[in-house]
Protein chains: 2
Amino acid sequence: MATGRTHRPATRSRGIPEATVARLPLYLRALTALSERSVPTVSSEELAAAAGVNSAKLRKDFSYLGSYGTRGVGYDVEYLVYQISRELGLTQDWPVVIVGIGNLGAALANYGGFASRGFRVAALIDADPAMAGKPVAGIPVQHTDELEKIIQDNGVSIGVIATPAGAAQPVCDRLVAAGVTSILNFAPTVLNVPDGVDVRKVDLSIELQILAFHEQRKAGEEAAADGALPTAARAGSADQGPDGDVPAVMPA
Amino acid sequence: MATGRTHRPATRSRGIPEATVARLPLYLRALTALSERSVPTVSSEELAAAAGVNSAKLRKDFSYLGSYGTRGVGYDVEYLVYQISRELGLTQDWPVVIVGIGNLGAALANYGGFASRGFRVAALIDADPAMAGKPVAGIPVQHTDELEKIIQDNGVSIGVIATPAGAAQPVCDRLVAAGVTSILNFAPTVLNVPDGVDVRKVDLSIELQILAFHEQRKAGEEAAADGALPTAARAGSADQGPDGDVPAVMPA
DNA sequence: CCATCTTTGTGCACACGTTCACAAAGACAT
DNA sequence: ATGTCTTTGTGAACGTGTGCACAAAGATGG
C-alpha cells in the first residue's frame, strides 16, 4: 500500500506483516477503551470482538510482537497498550505539518484524534497569503514560503497534504526535499516519491466508488432473486444478462 | 474489507477480485484526465504509470472486465471510461446522506469530488437542533429526527457517518434500519452491521499510526547503518537491539 | 499478401494473508 | 501434587494477490 517497490525483502526477523501493522492501531484503540474502564485483562476472543476481527487473526498478529499473553487468562491490558504503542512508535512525539488549510485541512487541524496519540500539529501551511497569520484550531497559518524552514526547525518527518489535486505533487516534492519521509495524502492524485518515502492516501471519492460497486452488485442480485424483474433502482445500468456485454457506446 | 462473512463464494464468473475493484477508481481517474486532454488511446504501460501501478497488474485487472484492448495499439480511452464507469455503477446516480455536520462533515459536504462522479448529496443531517435549517455547502442541515424519512423519500442506500465516535453506532443502526446498505464511516469506531451491509472506514488516526510505524523503522535502520549510534530522532523508543525486548513497564 | 513490430491477455510460480484446529502452557481447585 | 479447564501460540492448509514472461493478436509498411 505504501510506495517503494519490493520494500522489505524480509531483511530482519523483526518483519511484522503489513496487514498486521495496519490492525495494530485498531487493537490499540480497543485496548485503550478497556484501560479507561480499568479492565485488567482481556481474552483474544473479547478483544477481537471489540476490534472487529476474528480471534485467530488477532492471536497471530500478537504473536509477531512476542508472547505477551498468559494461557488460560488472556492479555494484560496495560502491558499490551504499552507494547503496541512502542511497536508503532507512539512512545515518542511526532510533529506533523498540514499543508492546505481549506475546508478539509481546517477539519483535520481541529480533529482531536491527532494530538491524542503521539502526534502534534507543528504547523499549518497554506499558499494563500490572505490566510497567513489567521489562527485555525488555535494555530496560526503560515505561508508556503516558510515550508522548508518549518520542516527543518521542527524536525518534521510526517506531512499531511490537503491541497487541491493540482498542488499536491509540487507540495509533495518540496516536503520530501525538505526532509519529510512519510506523507498522508488527501488530494485525489497519485504522488510520485523517491524510494524510502512512504505515502498513504485517503480518498473519499474512491471509497464511495467501491461502495457503489458493491451496492450495484447487491441490487443486481436482488433483482435476479426477485425473478429477473429489474427494480427501479437499476436506472442507467445496461442490461447485464448472464454474460451481458452490450457494446453500447463503443466509439470509433 | 467489507463486512459480511465469506461473502461471495465465487457465485458467478462475474466475480471481480476486491483488489481489482479497489483499483478501478484509480484507473478511472487517470482515464478521465486523458479524456479531457482528448487523448484517443493509451497503452497499459502509460496508463499504469499514470495510475501508479505496474502494467501487468493493470492488464490483469482489465482482463476481469473483458477484452477491451487492441493488441499493438492499447486501450480506447473513452470506451474504457464507459466500461469502468458502468462496472462501478457510476452510470446511475447515487443519493448520499452525510450525518454529523461538524468540521469534517462540512468539509465533506463542500468536497467537489462528491458530485463529480455519480454521487449526489441528498441531505445533511445533524443532531444539534441549532444547526437545523442552517445551510452548509448550499444545502440546509436537517435534524436527526428526519433521518428515516429522508432516507426513504430519497431512496438513499449510501450513508456517510461523520459524527463523534460515541454517536456512530446508534446512527449506523438507524441508517441500516431505514434501508441504507453501504456506509462510509469517518468516526473512529468499529461499526457492527448485519450481513449484507458494507462498511468502509476512513480513519486519519490509524493512517498516521501506520506511517509512524514505518517512520520509526526507518529511523532505527538508519541508526543501525550509521554505526549503532542512536540519532536524536530516537527519543522514547526502548533500546531495540537485534532482539531487544525490554520488559520495562510490565505492570502487575 | 507477407513480414515485422507493438502491445495485449494470461498461464504459472511465488508471496502474502487468513483460518482452522490442536498441542502446550499455565491458572485454579481439590 | 494432581487433575481439570481455559486460553494462548502456531503448524499447516487454503485462498487471494502479484509479477514474470511469453504466445497470440492485430496494426502497419512494403
Side-chain angles (χ1 to χ4, degrees), chain A residues 1-11 13 15-24 26-27 31 39-77 79-80 83 210 245 252, chain B residues 1-11 13 15-24 26-27 31 39-77 79-80 83 210 245 252:
Chain A
M1 193 136 295
T3 310
R5 298 146 315 171
T6 319
H7 239 353
R8 214 92 326 267
T11 306
S13 71
I16 300 176
E18 255 318 292
T20 295
V21 172
R23 281 188 295 266
L24 290 181
L26 228 57
Y27 301 144
L31 284 164
V39 176
T41 62
V42 66
S43 71
S44 63
E45 204 73 49
E46 292 165 328
L47 185 54
V53 302
N54 107 12
S55 67
K57 183 150 46 181
L58 178 142
R59 285 199 300 277
K60 180 142 288 196
D61 283 342
F62 285 177
S63 80
Y64 293 116
L65 309 184
S67 284
Y68 295 151
T70 306
R71 293 168 195 234
V73 176
Y75 299 92
D76 182 288
V77 172
Y79 186 53
L80 249 194
Q83 289 299 343
I210 296 171
D245 213 44
Chain B
M1 194 135 295
T3 311
R5 300 145 314 172
T6 319
H7 238 353
R8 215 91 327 266
T11 307
S13 70
I16 300 176
E18 255 320 290
T20 295
V21 172
R23 280 187 295 267
L24 290 181
L26 227 58
Y27 302 145
L31 285 163
V39 177
T41 61
V42 66
S43 71
S44 63
E45 204 73 48
E46 292 165 329
L47 185 54
V53 303
N54 108 12
S55 68
K57 183 151 45 180
L58 178 142
R59 285 198 301 277
K60 181 147 289 192
D61 283 343
F62 286 175
S63 79
Y64 293 117
L65 309 184
S67 283
Y68 294 151
T70 306
R71 294 169 195 233
V73 176
Y75 300 91
D76 182 289
V77 172
Y79 186 53
L80 248 194
Q83 288 299 343
I210 295 172
D245 213 44

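Convention: sequence-line order gives letters A, B, ...; per-chain numbering from 1. Note that this is a predicted model, so its numbers are computed, not measured.
Contact detail for A/Tyr27 and A/Asp61: the closest heavy-atom pair is OH-OD2, 2.5 Å. Across all non-hydrogen atoms, the minimal contact from A/Leu47 to A/Val42 is N-CG2, 3.7 Å. Scanning both residues, A/Val39 and A/Thr41, for their nearest heavy atoms gives CG1-O, 3.3 Å. When all heavy atoms are compared, the tightest approach of B/Ser55 to B/Ser44 is CB-O, 3.9 Å.
In this structure, CD1 of A/Ile16 is placed 12 Å from P of C/dG17, rounded to the nearest angstrom. Spacing between atom CG of A/Asn54 and atom C1' of C/dA21 amounts to 13 Å, rounded to whole angstrom units. Atom CG in A/Leu58 sits roughly 9 Å away from atom P in D/dT8 (whole-Å rounding). If you take CD of A/Glu45 and C1' of C/dT19, they are 13 Å apart, rounded to a whole angstrom. Per the geometry, NZ belonging to B/Lys57 stands 19 Å off P belonging to C/dG11, to the nearest Å. We find that CZ of A/Arg59 is positioned 13 Å from P of C/dA21, with the value rounded to whole Å. If you take CG of A/Asp76 and P of D/dT8, they are 13 Å apart, rounded to a whole angstrom. Rounded to a whole Å, the CG atom of A/Asp61 is 14 Å from the P atom of D/dT8.
Within the 4.0 Å cut-off from OP1 or OP2 of C/dG9, at least one side-chain nitrogen or oxygen of B/Tyr75 is found. Close to C/dT7, at under 4.0 Å from its OP1 or OP2, lies no side-chain N or O of B/Ser44. At least one side-chain nitrogen or oxygen of A/Arg23 sits closer than 4.0 Å to the OP1 or OP2 atom of C/dT18.
When each of B/Tyr68, B/Tyr79, B/Tyr75 is paired with B/Phe62, the ring pair (Phe, Tyr, Trp, His ring centres under 6.0 Å) condition holds for B/Tyr75 and for no other.
In this model, a side-chain donor or acceptor of A/Arg71 finds a partner on the base of D/dT8 within 3.5 Å. In the interface, the side chain of A/Lys60 is not paired with the base of D/dG9 through any donor and acceptor atom under 3.5 Å apart.
Contact annotation for B/Phe62: no contact, since no heavy-atom pair falls under 4.0 Å across all strands.
Residue B/Ala56 has its side chain nearest to D/dC20 when only C/dG17, D/dC20, C/dT18 are considered.
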